[in-house]
Amino acid sequence: EADIYQTPRYLVIGTGKKITLECSQTMGHDKMYWYQQDPGMELHLIHYSYGVNSTEKGDLSSESTVSRIRTEHFPLTLESARPSHTSQYLCASSVLGGTVMAYEQYFGPGTRLTVT
Amino acid sequence: GDSVTQMEGPVTLSEEAFLTINCTYTATGYPSLFWYVQYPGEGLQLLLKATKADDKGSNKGFEATYRKETTSFHLEKGSVQVSDSAVYFCALANRDDKIIFGKGTRLHILP
């Protein structure tokens with residue numbers, strides 16, 4: 001059973017507000033990821049991290065930012081939310097590379113964000 | 001670059017029907033291949049995997065065989081249940097340990 005948590009599960013917020021989506025995992029995984037999932041289900045990698053103080057941008061450009069101050073915690077922040085940010089956001093984690101286990105990502109339940 | 005192509009959905013079947021969801025890939029080297037499943041309101045979870053040619057991954061009655069000659073990893077199940085209704089993602093991982101997901105196939109099983 002994967003132990004990766006996301007809060008809130010659902011968020012409706014007005015344009016211009018600052019929001020932080022929380023993601024925590026208790027598995028001690030070094031790598032963590034944020035994906036944006038569009039209504040057509042496709043997943044887009046927007047941020048990832050190899051460990052504490054490491055953050056990288058993913059394949060899809062995003063106005064969001066992330067931080068990794070603790071191994072277990074990988075929050076995503078939008079400074080000024082816009083309707084175009086409405087989407088499902090999924091957090092995931094995995095062990096660091098070197099074996100095939102590094103390719104198995106464990107996903108949280110997601111946060112569905114609606115910006116009005 | 002590496003890519004994954006899977007059949008578009010939605011796929012609608014009656015309970016106890018045979019399921020095939022096609023997946024082909026393009027990659028350099030020898031990637032590992034995966035099927036992930038996303039049930040309604042949840043995140044993705046790993047369903048099965050195969051790490052080398054001719055490997056067969058299996059779980060919960062689902063199977064997929066790594067076919068290097070046809071660059072395919074088709075998902076099959078002999079008798080689907082209503083509880084199998086979900087979105088299925090084919091994926092590959094290569095040496096830089098990033099996963100590339102297909103676009104997902106939504107499966108509806110009718111009772």
Side-chain angles (χ1 to χ4, degrees), chain A residues 1-10 21 23-25 27 29-51 54 56-60 87-112, chain B residues 1-11 21 23 25 27 29-53 55 57 59 64 66 73 85-108:
Chain A
E1 189 79 19
D3 296 311
I4 180 162
Y5 309 98
Q6 291 186 244
T7 57
R9 292 291 311 274
Y10 303 91
L21 308 184
C23 175
S24 294
Q25 51 95 5
M27 296 172 283
H29 286 168
D30 288 305
K31 283 199 80 171
M32 295 189 75
Y33 313 80
W34 276 104
Y35 291 89
Q36 187 172 333
Q37 186 172 29
D38 62 27
M41 304 171 300
E42 189 171 0
L43 292 164
H44 303 283
L45 180 66
I46 52 175
H47 299 283
Y48 62 100
S49 166
Y50 286 105
S54 154
E56 305 284 346
K57 290 193 179 295
D59 305 317
L60 180 70
S87 190
Q88 165 99 325
Y89 292 85
L90 293 170
C91 181
S93 71
S94 70
V95 298
L96 207 50
T99 71
V100 71
M101 287 175 59
Y103 305 147
E104 295 182 28
Q105 295 189 4
Y106 295 84
F107 282 79
T111 294
R112 184 166 297 282
Chain B
D2 296 354
S3 65
V4 174
T5 303
Q6 61 182 104
M7 64 189 289
E8 291 190 21
V11 173
I21 300 178
C23 172
Y25 68 90
Y30 303 94
S32 295
L33 301 174
F34 305 85
W35 278 99
Y36 280 80
V37 59
Q38 185 177 27
Y39 297 104
E42 298 182 13
L44 280 70
Q45 55 186 271
L46 180 66
L47 180 60
L48 54 83
K49 67 183 180 191
T51 58
K52 60 183 187 296
D55 265 4
N59 187 23
Y66 189 145
F73 193 55
S85 298
V87 180
Y88 292 81
F89 292 88
C90 185
L92 72 81
N94 221 327
R95 280 169 295 181
D96 64 357
D97 77 8
K98 275 199 291 185
I99 291 186
I100 296 169
F101 290 94
K103 293 186 177 182
T105 301
R106 188 177 298 278
L107 175 65
H108 293 292

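Labels below follow one simple rule: chain letters A, B, ... track the order of the sequence lines, proteins then strands, and each chain is numbered from 1. Not measured: the values here are computed from a predicted model.
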Task: Audit row: B/Gln38, A/Met41, side chain to side chain contact (heavy atoms under 4.5 Å, CB included) steps and yes/no - done: CA-CA 10 Å; B/Gln38 185 177 27; A/Met41 304 171 300; 5.5 Å; no
Task: chain B contact via A/Arg9 - which portion, at a heavy-atom distance below 4.5 Å - done: side chain
Open item on the list: If you compare all heavy atoms of A/Gln105 against all heavy atoms of B/Tyr36, which two are closest, and at what distance to 0.1 Å?
Closed with: N-OH, 2.9 Å
Task: Pairing residues for B/Tyr88 by the ring pair (Phe, Tyr, Trp, His ring centres under 6.0 Å) criterion, not counting sequence neighbours - done: B/Phe62
Task: Nearest non-hydrogen partners of B/Leu44 and A/Phe107, listed with the distance - done: O-CB, 3.1 Å
Task: Enclosure of B/Tyr30 OH (heavy-atom neighbours >12, cutoff 6.0 Å) - done: no
- [ ] Of all the heavy-atom pairs spanning B/Phe34 and A/Glu104, show the shortest one and how long it is.
- [x] CE2-CG, 4.3 Å
- [ ] Using non-hydrogen atoms and a 4.5 Å limit, figure out which bit of A/Asp59 sits close to chain B: side chain, backbone, both or neither.
- [x] side chain
Open item on the list: So for A/Gln37, is it side chain, backbone, both, or neither that comes closer than 4.5 Å to the heavy atoms of chain B?
Closed with: side chain
